[in-house]
Amino acid sequence: MKSYSLSENSSIPALGLGTWKSAQGEVCQAVRTALELGYRHIDCAPAYENEAEIGRALEEGLGAGLCTREELWVTSKLWNNAHGADRVGAALKATLNDLRLDYLDLYLIHWPVVFSRGVFFPRRGEDLIALSVTPIRETWAALEACRQQGLVRHIGVCNFSIKKLEELAQTAVTAPAVNQIELHPLLQQPGMLRYCRAKGIVLTAYSPLGSGDRPAGLKKPEEPSLLGHPVIGEIARKHQASPAQVLLSWGMARETVVIPKSVNPQRLKENLAAAELLLDQDDLARIGVLDQHHRLVDGSFWQAPGSPYTLANLWDEEWDRQWHEQRRGD
Ligand SMILES: NC(=O)c1ccc[n+]([C@@H]2O[C@H](COP(=O)([O-])OP(=O)(O)OC[C@H]3O[C@@H](n4cnc5c(N)ncnc54)[C@H](OP(=O)(O)O)[C@@H]3O)[C@@H](O)[C@H]2O)c1
């Protein structure tokens with residue numbers, strides 16, 4: 001399996017298993033099957049409400065000798081209700097307890113969004129707290145402390161714009177190893193790709209297959225299909241591969257990590273085999289022009305009336321655009 005180097009002689013496997021929406025009652029078996037098939041990277045989060053069951057699968061898989069702990073890469077994330085210096089340690093300990101692990105390979109800030117204490121999902125504006133009140137730099141310092149204690153090997157972020165990465169760089173002692181963001185042919189984010197390459201930050205592509213099972217409330221009418229896209233289909237036929245394998249291979253060809261979610265044994269196998277598929281320059285050029293800047297997980301769920309968060313200050317797209325504009329020609 002291809003992997004990307006990080007600090008301290010470690011490397012992150014280029015393909016991992018996503019677990020958002022993997023329901024209780026099926027996720028344990030899915031992770032067990034994944035480990036049997038050869039997956040060595042599992043992407044988790046307490047917000048997915050299934051870490052305890054994943055922990056059972058990891059314990060069983062390690063106990064059965066499917067792999068060693070050192071061969072396994074486990075990522076989890078700090079949920080939005082646990083930002084702030086005094087909350088990170090307890091949240092991480094709960095995740096480690098659920099996953100039945102002594103340490104994580106990677107711990108990510110799930111969103112640059114803060115909830116009030118005790119809120120699992122915000123319903124009203126007052127359930128959300130501005131970053132000016134609970135700054136990312138304080139939460140990040142708490143993640144750095146967890147790393148110092150050996151509870152996590154690497155730390156990183158999700159859904160961060162270039163603006164937020166630049167701000168973090170001003171106070172961080174340890175730079176983020178990873179930014180996990182939505183990436184697929186309809187949302188290629190070339191500016192972020194260039195930025196992260198230059199800074200040595202690995203990008204992980206979430207929703208690489210189009211997240212077809214995400215909640216209806218996150219879907220828009222007449223959305224473009226990724227798995228059903230005719231160009232992806234033609235390239236798949238050319239290589240006698242599946243559309244999913246083309247999408248995953250494309251992500252890995254861009255040196256990003258891909259974390260497709262599946263609970264189906266056949267599709268788990270199919271997705272892992274994408275690591276063997278090599279697309280050629282013509283394929284990459286054809287996919288390169290499919291970008292529509294189309295977000296599937298667009299963050300509008302953090303915009304309850306009275307919320308300090310807007311799509312503009314969540315994604316910072318105008319700031320990032322100007323940042324690139326100013327550096328054009330450098
Ligand atoms: N950091 C963040 O904010 C964030 C946000 C979103 C996602 N993520 C992470 O990224 C992971 C992946 O993203 P995602 O779950 O949104 O969506 P995804 O992996 O793009 O798509 C999952 C959907 O594709 C189906 N599928 C899987 N393999 C397939 C194949 N070979 N052919 C056809 N359909 C296939 C799955 O169904 P079956 O299960 O039935 O196979 C499921 O319906 C998540 O699970 C999570 O770990 C992180």
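Counting starts at 1 for both ligands and their atoms, in listed order.
- Counting heavy-atom neighbours within 6.0 Å of K93 NZ, excluding the residue itself, gives a total of 12 or less.
- R214 and E223 are joined by a salt bridge, as a carboxylate oxygen and a charged side-chain nitrogen come within less than 4.0 angstrom of each other.
- Residues passing the ring-ring contact (aromatic ring centres under 6.0 Å, His included) test with Y103, sequence neighbours excluded: none.
- Contact check on R117 versus D86 returns a salt bridge, with a Lys/Arg side-chain nitrogen under 4.0 Å from an Asp/Glu carboxylate oxygen.
- Remark: R32 engages E60 in a salt bridge, criterion side-chain N to carboxylate O under 4.0 Å.
- Ion pairing between D320 and K164 fails under the 4.0 Å rule for side-chain N and carboxylate O.
- Listed by chain and number, residues touching ligand 1 at under 4.0 Å (heavy atoms only) are G18, T19, W20, K21, D43, Y48, K77, H110, W111, C158, N159, Q180, Y206, S207, P208, L209, G210, S211, D213, L227, A244, I259, P260, K261, S262, V263, N264, R267, E270, N271.
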